[in-house]
Each structure stands twice: as structure tokens, then as C-alpha cells.
Amino acid sequence: MPLPYHERTCYCAEVGEDHVGQTVLITGWVQNRRDHGGMVFIDVRDRTGLVQLKFNPDRDPRSHEIAGRLRAEYCVAVRGEVAARPEGLVNPNLASGAVEIEVHEIDILSESATPPFDIADDTEANEELRLKYRYLDLRRPVLQRSLITRHRIVRAIREHFDREGFIEIETPILTKSTPEGARDYLVPSRVHPGRFYALPQSPQIFKQLLMISGFDKYVQIARCFRDEDLRADRQPEFTQLDMEMSFVQAENVFDVIERCMAHVMKQIHGVDIPRPFPRVAFDRAMNEYGTDAPDTRYDMKLIDVSAAAKKSEFRVFADALAAGGVVRAMRVPGGATMTRKETDRLADDLRGIGAGGLPLVKVAQDDDSRIAFQTGVAKFFTPETTAEIAGATGAGEGDLLFFAAGAPADVCKHLSWLRTVVARKRDLIPKNEWHFLWIVDVPMFEWNADEKRWDSMHHPFTAPRDEDVPLLDSDPGRVLSQGYDLVLNGTELGSGSVRIHRADVQRKIFGLLNITPEQQQLRFGFLLDALRYGPPPHGGIALGLDRIMMLLTGLDSLRDTLSFPKTAKAQDLMTEAPSPVDEKQLRELALKSTAATEATPT
RNA sequence: GGGGCCGUAGCUCAAUUGGCUAGAGCAUCGGACUGUCGAUCCGAAGGUUGCGGGUUCGAAUCCCGUCGGCCUCGCCA
């Protein structure tokens, strides 16, 4: 009689001292075999953890014989009696370590080929291999925990929004291409040869239409697609916590989201997050941190030292300032201990992202215990300028100052990169702190010099601040929007805005973005039409769920938050997608490849 | 599209200035072993050095190209 594996009594890690003397039936995979010829020990794993099986040839020769045939990752069902382990043989590393199962019956449900890598958290197999065998990688406890945590986060989010009276509504995956922003993933239509659907970059327009429909509070855990180059924190398909509300201003959105994040943090980490989150003006974030997603867990703010730098003899500073640029400094507390090798390495990496070099000084004291600069560009500063810069930056003995000179945007890019890298390297980032903040007062537009037009900073449906509406005609560059970003520990979780709910303002914005009335009608005609029928004021936000996951679980890669992720070249190494297709399929879709190398189906 | 790192046994890594039969640990296979928990001990098998070309008496090593992985800048409204 085969074991009734469908009558499992408990999970592996649940077997404990309460069960001693009871018969249990467990199922799982063979983690490890320790065969003493006589006594055999097998660890069995399921998604809860491990339990040790004991096979005694004197007690049960038949099971013992099967135990000898077991290999890693065999799938088994086991029935036996739970026994307390003898004195001194308890394994404190196992949840079930106080007990073991004396096996009476065991079935091999299926055998396993030798796995290409060890199924263990500390496996050293490289990611390429693990992605190819993702189903095995997902047996590793660390990834199982990750996906289970993801489930709990999503559940907490749904709990919150349900309690708040939000309606979860699904929006189309096959939709209309609106060639703005990111590249679309296109899907050819068979029924309409030569026409294409696009996969949504976000449900943005649909959720606005739902507001016009009167749904008032919308939420969706929405899959989104963008055909752009990838990063550790970017995948071609990703999930957004997408929400929208009617009859609200930004503060209402902040309030709902802050309480949502607080609820999630409480559920996942048991911590209370202080509310309200700080509101940081875009301008201030750029000045103090050089980025619109500042990590405020540590200091090292950027300080403008243009005035003092002007008096130095250093050509790089002089040239930058003459060209209308700025000079900023960043103080690294205790940074004077950094070696030449370390700072050279930083300079090299910095050159890799477009910087000319890395001016720096180390801070010491002279004989009169006055601040003195050493090494690097120290020789270009008089004692007076030294004192001025030291005063502005708060530099003291043992510190190090990095400088950057040039156009403000470049200086911000280089110093904020440096700030993050140095903070990480020197372990200046406090652990277990959660710094949420809102970036507000974001400019409406940025000037696109190539195309000679304004671009939306957020997206073209973002409303300008009411008081700035007159500036739309006179000075668009100074218009601030009602857009906002949510930032956690230096990562942008997402952004949103109060939307334009008037067709005339929407048309004016499209005009500034150089979208002709014809193009407006072609791309967004349905939205402009809808805005004619009594649209409510509305606003919302979309947060990257995968990034939330990454930050909350301390993972370094977005891939580890997903069940079946893609590589940096957007390939799935397991399924080998994307793949060539049959000529017949292409014909049906009225498609013909122009690819230089002929891809053939495999 | 640009920059950086990487690719040697199933896995993780070695291999001196270019030089002898490309080694080790783990895994695998065989044997021994009745309290292990990374079991231990003995033995065996395991290689187109990602792929293609070049330089050389001789290439894992040097050069060119290419494929793939990771990080990153651009890009991602």
C-alpha cells in the first residue's frame, strides 16, 4: 500500500516536542543524507524548513533499504513516530531540532537527477545557472521566504485599501500604444493586419477614466511593461501598486499612502513608522543631496562652495565657474583615512560616468591648531579660502572633502553618486532605519535642448499648481506641478500627482509639449473626449511593488523578488524567451522580420 | 549605444614571465562504517579552458572578433 501523501499531517519544521510519541506523515525533498552503514539520517525539506529522519536497520529493515537509495532532491512521503532526540544530540539550528522522526514507512514519490547546484541559501552557483534552473533556485529557503513575504505585503496592501473603501479594478493588458515616455512592447493584431496593441506602461489613463466613471477610489496591483534597458532595480515587466482618488488634493493621497506603508511596515517588520512623512521640495533635494531621491539616513550633504572656489588658483574650478557652472563639496567624516588607492579607484569609476576627475583634500590641523588642507588640490587654497571652505562644510581634522565642478546637473550626478558609494563603502548607513519622504514642488517641465521643446517632468496629465497656471504662458520653466514622489532610503518608490481635470488646461499642456491638436486627438482623443463629460478633480500615485519588496526584505536585486525574472538583456534563461517563431505565425500576423541574422525556431 | 568586471570538470575556484599529463574542494559513482547533522574514511570517474580567428616552436594565459552573465552611464513621460 502506497503512503497516502495527500494526508500530510504537518509541515517539516512544524514537527516538534508536542508531537513526541505521535505518528506523523510528512512530504518533502531530500536535503541531505548521512549514511553510517547502519544508522542512516536524512534531512527532509519543505517550504517551512527541515526535519531529520532516522532509519534504524534493526527496527525497520525495509525502510532502511530505501533510505540507502535516496539522493539529493528526491521527492518523498514518510510516516513515522516522532521521538525526542537523545541528550546532547539536539540540533539548535533546526526549528525541529529537538526531535526526529523514526521512519516506519517511506515512499519515493519521484527521483531527482543530480541537481546542477546545491539547494541551500549559501549556494555559490552563479546567477546565470540559477536562472536557467529557476525552479530549483526557488527551492532555496531565501527565495521561498522572499516570495512568501511578497504575498504578505500584497495582502497587507489589499487589507488597507479594502478597509479604506477602495475598489480593485483590473484594466486591459492589450491596449493602445501612446508613444510617449518609454518604448512600448507591441502585440500584433491578427484580425487587423498591420495594427498593434501595446502592453501598458502603466494603467495611467484607464484609472483617470475610472475616476470620470465615478469609481472615486480605485486601486490595482497592476502589471506594467516597458521596453527599456534594465538595471538591478528594473525589469521589463514589473508590478505597480496603482491607486487613484477623486475629489482630493495631494494631502489626501499622502495620507492614504502613508497609512498604507505604515500598515505594511507593521505587518512585515513590526515597526511603527512615524507619520506624516517629511515633505522635501525638489529644489532642496537637488541642492542638498544632488538627487530627487535622497537617502536621509546619513548626512554628507552637498555644500555650494562656488564663492570660495572662485578665489582658488585651481583651473578646473575657475573654468567651471566662468562657464556658469558651480563648485560643490561633500564632507566625508573621518575620510582622511581613505588611501590613495581608494580615492583613485573612486576617481576612475567617476570618470566612467562622465566626470573629469575627483578633486579632494584631506583635513588636518596646522601648528597653531588651525584647519589645514593636505594632499590633492590643497595647494590651490590660501589659508583664508581654506578657512572659508572649512567653515561652510563644517570640515574638521580627520575629514576628507570631495569637490565637483561644472554644470549643476553634472555636479549633482557626480556628487550624489559619490555620496552613495562612499557611504556604503565606509559603512556610514545606519541599519534598520526607514526614511520615507515625499518630494514635492517638482517643476512641471524640463527643457529638451535636442528637440527644442518642453518635456513633462512627470507625465502630461500632471496638474500645475493653481497659482502657477498663469506662468504656463509666460515662463513654463518656472511652473511647479502638483506632482510628487515617494522615496524610501534613497530609492524612488513611485510617483503621482493631482491630475488635470479640465480639457482646456490639458490641451494647453499638450501644446507646450509640442503635441499638435491632430496628434492629441490621435493619441489621447478618448481622454480629451472623456474630460468633456464632467470629470471630477482627481489624483493618485503608482508605487513600484517590486522595489518596495526589495527594500523591505533587504535584497540587492529586483530579480530576487520575482518568481521568474529576466536578465539584463530581457531574456528568460529558463524558457529562452524571447524566441523565434514559425514562419506561419508571422504570416498570420502579416509580419515579416527585417532582422539581419535569420532567427529560426528551435 | 558607452564604461567596468567576469566566463577553466556538474558547481565554486587554482594554474609563476606564454612551457611538463590543466589541479583542488564540493557534488557524482563504487567500497567501508549503527548517533550523524557541511558525517567521516578509502578509491574511481570527470575537461573542445564560452565560441571563432590570429600571433607563437608552444596559448587557459597575448591580440582581434563574437556570444552570454553581472554592475553602471545614457535611456526608463
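Below, chain A is the first sequence line, B the second, and so on; all start at residue 1. It should be emphasised that the depicted structure is a prediction, and the values quoted were computed from it without experimental measurement.
For A:R340, the CZ atom counts as loosely surrounded, since its 6.0 Å shell holds 12 or fewer non-hydrogen atoms of other residues, nucleotides or ligands. Within 6.0 Å of atom CZ in A:R139, more than 12 heavy atoms from other residues, nucleotides or ligands are found, so the atom counts as buried in its surroundings. The environment of CZ in A:F225 is crowded: more than 12 heavy-atom neighbours from other residues, nucleotides or ligands sit within 6.0 Å.
If you check every strand for non-hydrogen atoms under 4.0 Å, A:R559 touches sugar and phosphate atoms only. When heavy atoms are screened at a 4.0 angstrom cut-off, A:L129 is found touching the sugar-phosphate backbone but no base atom.
To the nearest angstrom, C1' of B:C33 lies 11 Å from NE2 of A:H64. Atom CG in A:L89 sits about 6 Å away from atom P in B:U36, given to the nearest Å. Rounded to an integer number of Å, the gap from A:D122 CG to B:G25 C1' is 14 Å. Per the geometry, CG belonging to A:L230 stands 15 Å off C1' belonging to B:G68, to the nearest Å. Regarding A:R130, its CZ atom lies at a distance of 16 Å from the C1' atom of B:G10, rounded to whole Å. Rounded to whole Å, atom C1' of B:C73 lies 7 Å from atom CD1 of A:I353. Put simply, CZ on A:R69 is 17 Å from P on B:U28, counting in whole angstrom units. The separation between A:H36 atom NE2 and B:C33 atom P is 13 Å, rounded to whole Å.
With both pairing distances under 3.5 Å, B:U21 is matched to nothing as a Watson-Crick or G-U wobble pair. For B:G68, the paired base is B:C6 (Watson-Crick or G-U wobble, both distances below 3.5 Å). With a 3.5 Å ceiling on both atom-pair distances, B:U55 lacks any Watson-Crick or G-U wobble partner. Base pairing of B:G46 is not made with any nucleotide, judged by Watson-Crick or G-U wobble geometry with both donor-acceptor distances under 3.5 Å. Base pairing analysis places B:A15 opposite nothing; no Watson-Crick or G-U wobble pair with both distances below 3.5 Å involves it.
Between B:U55 and B:G43, the two P atoms lie 46 Å apart (nearest whole Å). Only the C1' atoms considered, B:A27 is 11 Å distant from B:G46, to the nearest whole Å. Across the P atoms, B:C42 and B:C57 are found 47 Å apart, a figure rounded to whole Å. A distance of about 22 Å separates the C1' atoms of B:A14 and B:C70, rounded to the whole Å. Here, B:G58 and B:G53 have their P atoms 16 Å apart, quoted to the whole Å. B:G47 and B:U21 are spaced 13 Å apart, taking the C1' atom of each and rounding to whole Å. Here, B:A22 and B:U49 have their C1' atoms 8 Å apart, quoted to the whole Å. Atom name C1', nucleotides B:C75 and B:C13: the rounded distance is 37 Å, in whole Å.
Taking the six-membered ring for Trp, A:Y135 and A:F564 have ring centres at least 6.0 Å apart.
Side-chain atoms of A:E228 lie closest to B:C76 of the nucleotides B:C11, B:U72, B:C76. Proximity note for A:D229 (side chain, C-beta onward) versus B:G1, B:U28, B:G35: the nearest is B:G1. Among B:G35, B:G68, B:C75, the nucleotide with an atom closest to any side-chain atom of A:P86 is B:G35. Of the candidate nucleotides B:C70, B:G35, B:U28, B:G35 has the atom nearest to the side chain of A:R85. When each of B:G74, B:G69, B:C11 is scored by its nearest atom to the side-chain atoms of A:T567, the top-ranked nucleotide is B:G69. When distances are taken from the side chain of A:P116 to each of B:C70, B:G10, B:C37, the shortest belongs to B:G10. Of the listed nucleotides (B:U34, B:C71, B:C33), B:C71 has the atom at the smallest distance from the side chain of A:A232. Here B:G69 is the nucleotide among B:U28, B:G69, B:G35 with the atom lying nearest to any side-chain atom of A:L573.
Residue A:F41 and nucleotide B:U36 are classified as a stacked aromatic pair, their ring centres being separated by less than 5.5 Å at an interplanar angle below 30°.
An OP1 or OP2 oxygen of B:C29 is reached within less than 4.0 angstrom by a side-chain nitrogen or oxygen of A:R71. OP1 or OP2 of B:G35 has not a single side-chain nitrogen or oxygen of A:Q52 nearer than 4.0 Å. The phosphate of B:C76 (OP1 or OP2) has no side-chain N or O of A:R547 nearer than 4.0 angstrom. Between A:N126 and B:G7 there is no side-chain polar atom (N or O) within less than 4.0 angstrom of OP1 or OP2.
Residue whose closest nucleotide on RNA chain B sits further toward the 5' end, between A:A72 and A:G352: A:G352. Take the nearest nucleotide of RNA chain B for A:R345 and for A:E127: the residue whose nucleotide is more 5' is A:R345.
Counting only heavy atoms from C-beta outward, the side chains of A:L210 and A:E244 never approach each other to under 4.5 Å.
A donor-acceptor contact closer than 3.5 angstrom is absent between the side chains of A:Y289 and A:R419.
A:D349 contributes no side-chain N or O that forms a donor-acceptor pair with the base of B:G3 under 3.5 Å. Checked by distance alone, A:E100 brings a side-chain donor or acceptor within 3.5 Å of a matching partner on the base of B:G35. Applying the 3.5 Å distance criterion, the base of B:U36 shares no donor-acceptor pair with the side chain of A:N91. Donor-acceptor pairing under 3.5 Å, judged by distance alone, is absent between the side chain of A:R226 and the base of B:C76. With hydrogens and angles ignored, a donor-acceptor pair under 3.5 angstrom links the side chain of A:R231 to the base of B:G74. Donor-acceptor pairing under 3.5 Å, judged by distance alone, is absent between the side chain of A:K569 and the base of B:G68.
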Margin query: Show, in sequence, the C-alpha distance, side-chain angles and deciding distance for A:D572 and A:T575, and conclude whether the side-chain hydrogen bond (donor to acceptor under 3.5 Å, both in side chains) test is met.
Written below: CA-CA 6 Å; A:D572 179 340; A:T575 64; 3.2 Å; yes
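With hydrogens and angles disregarded, a donor-acceptor distance shorter than 3.5 Å links the side chain of A:T48 to the backbone of A:A13.
Of the charged side-chain nitrogens involved, none lies within less than 4.0 Å of a carboxylate oxygen, so that A:K132 and A:E128 do not count as a salt-bridged pair.
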